[in-house]
**Q** 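Got a structure for you, written out below as structure tokens; questions coming shortly.
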Amino acid sequence: MTKFCSERIAKYAFEYAYLNNRKTVTAVHKANIMKLADGLFLESCRQVATKYPSIKYNEIIVDNCCMQLVSKPEQFNVMVTPNLYGNLVANTAAGIAGGTGVMPGGNVGADHAVFEQGASAGNVGNEKLLEQKKANPVALLLSSAMMLRHLQFPSFADRLETAVKRVISDGKYMTKDLGGASTTQEVVDAVIATLH
Amino acid sequence: MASSCIHLLKRTLRTPYLPSNPTIPATRFFSSASSTPIRATLFPGDGIGPEIAESVKKIFKAADVPIEWEEHYVGTEVDPRTRSFLTWESLESVRQNRVGLKGPMATPIGKGHRSLNLTLRKELNLYANVRPCYSLPGYKTRYDNVNLITIRENTEGEYSGLEHQVVRGVVESLKVITRQASLRVAEYAFHYAKVHGRERVSAIHKANIMQKTDGLFLKCCREVAEKYPEITYEEVVIDNCCMMLVKNPALFDVLVMPNLYGDIISDLCAGLVGGLGLTPSCNIGEGGIALAEAVHGSAPDIAGKNLANPTALLLSGVSMLRHLDLHDKADKIQNAILTTIAEGKYRTADLGGKAKTTEFTNAIIDHL
């Protein structure tokens, strides 16, 4: 755990919160046990928090965090975590939000950014899904919207996201993991139709 | 009778623990006939601890449980023999009685002493933390079909406490996994599964990334799995496990994990059924020692007001009874608790009701 990386991720988290009108940033840690390592992470987060007085900052221990996520997920807004906890928290949150099929994600670096499906668990390459062409495209579509936002095309990003959300809320064209029976192509056609 | 029991106990404690031996069942050393009461250590703890411990004692007495409680309290001074507020006598009592029940203990802030939980864990060599998580009928959460046990290795892993600063701004933390500890917890997990009729044991890991540490853990689990061919064994990556738990917790039966994942997953599962106020927990130590405990906090703000929910401590007491093979008593008390909560007439404030601790306790006694 280094100060450089902790500061970097904390800065990204607060900047993201600031640009996307998010009110709270929560740091997830286990500093009561890993006093030096997670202590360093927390210190970095606290330092960055002072530069964003309009954003609320709080800290939560990772086991309490998971417990709160399954009972009251609405209390969380932006969460910044070190590597391992982030993996667990992201997958737990994805499961609560609907699964691997709907959660978008992105990997951001100093010079490049790669956007992909957010949750890393489970059915990423299921042969049967591939044959039947029933994979859920929502996650990747929303990830592309994130990419558009990153490239600073917010209006296109908004249009795409709204279209996808409308298709899901209409409920007519949904893949199996969301409880429907449509194929990938049908969902995509529905999104395109909504865009026009 | 009692003296020959103590003699047998002393002999066992001197024998080195062999990983190939499953935990010695308690009935070999305790008379299962209700004639001789079994001595058990009770740590009521702080805050709401004494009130809920009272509930436990009342209910156990009403159910004719053959247990004689030996109460010990956290001291007000640091005992130099244990370097903490727990006295040597308290620890000896648990070592001799081999079973105990512990309420919530707040570690006093300050330096010069070890945390209470750490003291217990190190002195009694408590290597496995077992939490049965099942949905309480009548107490609705988003998940109705939870019925799983989490078994967490409690002595090493990421919580070995080995950290150092390399240079300013760079810190290293060591994760230590040993064959001995992994075999020990895997043995307990499979033994538990067999004794309680569970069908599947899942080892949770991240061996795709941490190939040597979690890889060793998995190797040990596989070795033990071969000795129990009737139990299905599977391995699940931790992130997959988290996702599956929040989508469909019925997929899991018994989970065995190293320290960090165990910490997170066992609290996650507690959240699935309603939180730490309802979750029982049991710590297993070398030589078959079992210390059941309520894992919630001491809640100093409601202490002494007859508002506390004794369910967690009660269910932990039930776990303790099961460890002692007093299954019929355990079932009787558990059913009484579940029926009282399901009925909904007497529920404490944290469950959304208005009953006092004593009213809730009496309702359970009525249901016995």
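To find a chain, count down the sequence lines: A is the first, B the second, and so on, and within it residues start at 1.
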**Q** Among A/Val89, A/Asp38, A/Thr2, which residue forms the greatest number of heavy-atom pairs with chain B at distances under 4.5 Å?
**A** A/Thr2
**Q** So what's closer than 4.5 Å to chain A heavy atoms on B/Ser173: side chain, backbone, both or neither?
**A** side chain
**Q** Please list, in residue-number order, every residue in residues 52-68 of chain A that has a heavy atom less than 4.5 Å from any heavy atom of chain B; write 'none' if there are none.
**A** A/Val62, A/Asp63, A/Asn64, A/Cys66, A/Met67
**Q** For B/Ile238 and A/Leu88: C-alpha separation, side-chain torsions, deciding distance, then whether side chain to side chain contact (heavy atoms under 4.5 Å, CB included) applies.
**A** CA-CA 7 Å; B/Ile238 176 84; A/Leu88 306 188; 2.9 Å; yes
**Q** Quick one: of B/Leu268, B/Asn248, B/Leu245, who has the most non-hydrogen atom pairs under 4.5 Å with chain A?
**A** B/Leu268
**Q** Between A/Leu84 and B/Tyr261, does a side chain to side chain contact (heavy atoms under 4.5 Å, CB included) hold up when you go through it step by step?
**A** CA-CA 10 Å; A/Leu84 178 61; B/Tyr261 312 143; 4.0 Å; yes
**Q** Would you mind reporting whether A/Leu40 and B/Val170 have side-chain heavy atoms less than 4.5 Å apart?
**A** no
**Q** Verify side chain to side chain contact (heavy atoms under 4.5 Å, CB included) between B/Lys247 and A/Ile96, making sure each step is shown before the conclusion.
**A** CA-CA 7 Å; B/Lys247 291 190 83 177; A/Ile96 294 173; over 6 Å; no
**Q** Could you pull out the closest heavy-atom pair between B/Met243 and A/Ala94, with the gap in Å?
**A** CE-CB, 3.8 Å
**Q** Spell out, as yes or no, whether a donor-acceptor pair under 3.5 Å connects the side chain of B/Glu163 to the backbone of A/Lys35.
**A** yes
**Q** Relative to chain A, which segment of B/Ile209 carries a heavy atom at a distance below 4.5 Å: side chain, backbone, both, or neither?
**A** neither
**Q** State, to 0.1 Å, how close A/Met34 and B/Glu158 come at their nearest heavy-atom pair, and which atoms those are.
**A** SD-O, 3.5 Å
**Q** Report the C-alpha distance between A/Val70 and B/Arg142 in whole Å, list the side-chain angles of each, state the deciding distance to 0.1 Å, and finish with yes or no for side chain to side chain contact (heavy atoms under 4.5 Å, CB included).
**A** CA-CA 8 Å; A/Val70 292; B/Arg142 281 180 225 214; over 6 Å; no
**Q** For the candidates A/Leu36, A/Thr92, A/Leu69, which exhibits the highest count of non-hydrogen atom pairs separated by less than 4.5 Å from chain B?
**A** A/Leu36
